[in-house]
Amino acid sequence: MLLGLRISNVAVIEEVEVGFGAGLTVLTGETGAGKSILVDALGLLLGGRADADVVRAGCDEASVEGVYACTPVVAARLEELGLPNLGDEVLVRRVVGRNGRGKAYVNGSLVTVGVLARLTRGLVDIAGQHEHVSLFDAGLHRALLDRYGNLADTVATYAQHYTAFRDVEARMESLGGDEARVRERAEFLRFQRDEIDRLSPEPGEDVALDAERRRLAGAEKLKRQAAEAEVLVAGDESSALETVGRALGLINDAVRYDATLGPIAQSLGSALAELEEAQRRLNRYTEALESDPSRLAEVEDRLDAIKRLCRKHATSLEGVLKKRGELETELSTLENRTEILEELSRERQAAEARARESATGLSRARAACAGEFSAQVREGLAGLALGKAAFEVRITPGGPLRPEGTDEVEFFFSANPGEPPRALAKVASGGEASRLLLALKRALADSDGCGSYVLDEADSGVSGAIADVVGRMMKEVSGHRQVLCITHLPQVAAYADAHLLIRKGLKAERTVSEVVPLAAGDERTRELARMLSGVEVTREAMGAAEALVRSAHRAMGGSPRPRRDPAPGGGTRGRLRRSA
């Protein structure tokens, strides 16, 4: 659900902030007042195309900010896209520059427009502008029909069988190609394997060789330093051994007079033993250390060969050894290709049979609910002055196995008697699209995941009693979904839970549009009267407006639901500012 919207420097709007609640919110105003600008701005928050022309004259950039309720679906998308989750709300911001460049933010994080569109897909349905109407996307019709028919389990069963079938096909494709290509691949694999085998590296050998190389390269220096160290330890009367030995003799003599010196004597004794051991090891090291140029050359050649092999395979020595095992496995598979393909072919036939049987069951289930769905949509259209309209769900089964089944599913519509139904996007005008969307939404009420419907002039082409039916149906849908409706008909506006007036004015000699929330009572009744009578609000128009409100309340079973305050900043100002 959309909780709030703030628009800055978009067309004739300088600064507008408005909060939205559940139920039905209507937006009214004179033609050209800027009602559709709000819809266009909302489209930007859904990842729609941004045009530099939307920036208000004299400004460098335009911005649109919105607050959405964070549903479990949205929370899952945030996690999938690696975006921060701030709790109960999602803050979205879109900035469009004068130069045509823009930025998008989600919960303060900079994102691409593509990521924004993925996050907000299906959150808001806008009717009246086809590029934003998800229901008119033929790619979604199959999913909508499945959702209407509660076919999730049937679809999941088919998906399992299809995945198993594709797994077998993938294994066969990995063995595919003609015999010449397979032989070439086998020869290449054999060459790579044999190249590793000729070198026969051992795990960790490169590290050991590098250490040996460094020792051999510095043999003379190491021998000199070890000999000098041995002299310092035990080479003359001032050596460490002699010095510690004299100190130990003195302390041992003193212990006869003061037993507390015993621990010191023990420490010196231990030190003397360690020095003697160090001297012996230095001696052995010096005697064993020899300068061996031939061994150094051998080590360097071996180490270079290992490094070249690692560079060739773009990995470490451990990776090369792992690659050798993979080469052996693939080579063995290719060498036994015929037998493996025969076995996989049998597996494929069985997996395809299971998948097609499952797809057939799914097709039957879709066909069973398509007629009922079409009838419900036509029933809704009949109450919206489209009683002669045709609507049908066309299912074309028997296609190739695909992730969603073998069916092609598409909705077809014709508003005029005698005209054959055609794809929705090709035949529905703005007003017809809005009314068709309303009829579809009414039929999908228990299964549609969209939380907000925006109907741009859904009452276009209707009047009188039909307009009252449109308003009543919008009110019915708004019982379980948020509905925002731009309307010119007071019969529709009378059903609203909240009423926003869009009007133009002058500010510093410039035209600006503003959003004015109308309180229940006189303010709202006066606007309905203006819609009935025009510029001059007469007493008769006021009486008719009051009658419309009473009639709407009676039609919906009494008093309207408690009114939310959609005033600019009404519960959303702080959230929107934090999103900036």
Q | Which atom of Ala494 lies closest to which atom of Arg524, heavy atoms considered | A | O-NH2, 3.0 Å

Q) Between the main-chain N or O of Arg56 and the side-chain N or O of Arg98, is there a donor-acceptor pair closer than 3.5 Å? A) yes

Q: Flag yes if more than 12 heavy atoms outside Glu79 fall under 6.0 Å of its CD atom; otherwise flag no.
A: no

Q.
Does atom CG (Asn99) have a neighbourhood of more than 12 heavy atoms from anything else shown, all under 6.0 Å?
A. yes

(Q) Please check: side-chain N/O of Thr120 versus main-chain N/O of Leu123, any donor-acceptor pairing under 3.5 Å? (A) no

Q | Ionic contact status for Glu30 with Arg503, cut-off 4.0 Å | A | no

Q. Is a side-chain donor or acceptor of Ser478 paired with a backbone partner of Val483 at a separation under 3.5 angstrom?
A. no

Q: Could you tell me whether the side chain of Ser533 and the main chain of Ala529 form a donor-acceptor pair under 3.5 Å?
A: yes

(Q) How close do Val16 and Glu514 get, counting heavy atoms only, and between which atoms? (A) CG2-CA, 4.1 Å

Q: Inspect the surroundings of NZ in Lys504 and state if more than 12 heavy atoms from other residues, nucleotides or ligands are less than 6.0 Å away.
A: yes

**Q.** Asn107 side chain vs Leu91 backbone, donor-acceptor pair below 3.5 Å
**A.** yes

Q. Of Arg402, Arg394, Arg142, Arg366, which meets salt bridge (charged side-chain N to carboxylate O under 4.0 Å, His left out) against Asp407?
A. Arg366

Q.
On a heavy-atom basis, which atom in Pro417 and which in Lys388 lie closest, and how many Å separate them?
A. CG-CB, 3.3 Å

Q. So Phe373 and Phe391, would you call those rings parallel, tilted or perpendicular, with 30° and 60° as cut-offs?
A. perpendicular

Q) Is the backbone of Ala423 close enough, under 3.5 Å, to the side chain of Glu410 for a donor and an acceptor to pair up by distance? A) no

Q: Indicate yes or no: does Glu80 engage Arg77 in a salt bridge with an N to O separation below 4.0 Å.
A: no

Q) Should the heavy atoms of other residues, nucleotides or ligands under 6.0 Å from CG of Asp88 be counted, would the total exceed 12? A) no

Q. Does CG in Asp522 sit with more than 12 non-hydrogen atoms of other residues, nucleotides or ligands closer than 6.0 Å?
A. no

Q) Considering only heavy atoms from C-beta outward, does the side chain of Val26 approach that of Glu527 to under 4.5 Å? A) no

